[in-house]
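Working notes, structure below.
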Amino acid sequence: MDGLKEQRMLDFAMENAVRGDPQSVVDAIDHFCRNKEWAMNVGDEKGLILDKLVRETDPLLVLELGTYCGYSAVRIARLLKPGARILTMEMNPVHASIARQMIEFAGVNNTVEVLEGSTADFIPQLKQNYGVDTFDFVFLDHWKDKYLIDTKLLEECWLLRKGSVLLADNVVYPGIPDFLEHVRSCGRYDCTNYPSRVQYINKEDALEKAVFKGYL
Ligand SMILES: O=c1[nH]cnc2c(O)c(F)c(-c3ccc(F)cc3)c(-c3ccc(F)cc3)c12
Ligand SMILES: [Mg+2]
């Protein structure tokens with residue numbers, strides 16, 4: 001049934017937003033999720049924190065883990081300067097297809113590339129096959145059991161540099177205790193917690209920012 005809801009979300013955005021206007025696509029998805037069917041986009045409240053941190057970082061190269069329907073890829077892309085890029089990874093082929101259509105409709109397909117498959121497979125290929133040096137900004141929003149292992153993989157593949165910003169969704173709900181414990185105690189990150197709420201409902205959640213201090 002899951003593919004059906006995401007298809008309805010895409011149809012709603014295409015019927016109610018303006019082609020080529022990413023803000024109108026973000027607004028339409030938020031309206032759909034608040035008034036018709038809840039979905040796990042990062043949402044408008046946590047989205048404002050994401051916006052602030054993207055603006056502060058002004059990244060040239062962004063990695064997103066967990067595309068879903070493309071909401072946060074569109075949300076981030078609308079803030080990036082010319083020449084900036086987002087690589088976003090999505091395991092679920094139905095979601096990846098919906099996201100590609102959402103990103104195309106929003107007019108940010110020259111900024112955002114959707115990589116369909118697993119982070120464990122893609123991350124080790126990024127330098128050689130995608131010409132990546134290091135990431136300026138990484139948004140972790142895929143699956144709670146993969147935040148820590150993928151963060152360690154990014155380090156091991158030399159894909160972070162002093163000042164790289166990691167931003168993790170859902171650190172309170174569902175909660176990502178192993179990731180939080182690692183970034184807060186390993187000595188290689190400066191961490192900041194941003195309390196907020198689960199998207200579209202009145203339940204506590206938070207984002208965690210972890211700035212890489214370098215390979216100490
Ligand atoms: O899986 C996710 N990835 C990324 N972001 C997510 C997110 O921002 C969420 F709010 C939820 C969420 C939390 C509470 C809830 F009741 C439903 C869904 C999930 C999630 C958690 C467990 C699942 F079995 C399915 C989805 C995710
Ligand atoms: Mg999330």
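Since the structure is predicted, the reported quantities are computational estimates derived from the model, not experimental observations. Order of listing sets the numbers, starting from 1, for every ligand and every atom in it.
Within a 6.0 Å sphere centred on NZ of K209, heavy atoms belonging to other residues, nucleotides or ligands number more than 12. Crowding of K52 atom NZ: a count of heavy atoms from other residues, nucleotides or ligands under 6.0 Å exceeding 12.
Nearest to atom 21 (C) of ligand 1 by heavy-atom distance, out of A168, P174, A39, is P174. Nearest to atom 12 (C) of ligand 1 by heavy atom, out of Y200, W38, Y147, is W38.
Taking the six-membered ring for Trp and the full ring otherwise, the centers of H31 and F12 sit less than 6.0 Å from each other.
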Check: Run the salt bridge (Lys or Arg N to Asp or Glu O under 4.0 Å) check on E45 and R197 step by step: do they pass?
Finding: CA-CA 7 Å; E45 281 187 38; R197 289 190 294 184; 2.7 Å; yes
Next item on the list: Could you go through the side-chain hydrogen bond (donor to acceptor under 3.5 Å, both in side chains) check for S118 and D121 one step at a time?
Entry: CA-CA 5 Å; S118 91; D121 294 341; 3.1 Å; yes
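Geometrically, K203 engages Y173 in a cation-pi contact defined by less than 6.0 Å to the ring centre and at most 45° from the axis.
Distances shorter than 2.8 Å separate the Mg ion (ligand 2) from the protein N/O/S atoms D141 OD1, D169 OD2, N170 OD1.
For the residue pair Y147 and L140, the shortest heavy atom distance occurs at OH-O, 3.2 Å. The minimum heavy-atom distance linking D205 with V172 is given by the pair OD1-N, 3.1 Å. The shortest non-hydrogen separation linking T67 to E64 is CA-OE1, 3.6 Å.
For atom 26 (C) of ligand 1, the closest non-hydrogen atom on the protein side is M40 SD, 3.7 Å. Residue, atom and distance of the protein heavy atom nearest to atom 14 (C) of ligand 1 are Y173 CE2, 3.0 Å.
Interface of H142 with ligand 1, defined as ligand atoms under 4.0 Å from a residue heavy atom, comprises 1 (O), 2 (C), 3 (N), 4 (C). Close approach to Q199 involves these atoms of ligand 1, each under 4.0 Å from a residue heavy atom: 7 (C), 8 (O), 9 (C), 10 (F). Residue contact check: D169 has heavy atoms under 4.0 Å from atoms 8 (O) of ligand 1.
Considering both main-chain and side-chain atoms, D141 comes within under 3.5 Å of ligand 1 through a nitrogen or oxygen pair.
In Y68, neither the side chain nor the backbone holds a heavy atom less than 4.0 Å from any atom of ligand 1. Residue contacts with ligand 1, taken as heavy atom pairs separated by less than 4.0 Å, involve N170 solely via side-chain atoms from C-beta onward.
Rounding to the nearest 0.5 Å gives a distance of 9.5 Å between CZ of F179 and CZ of R184.
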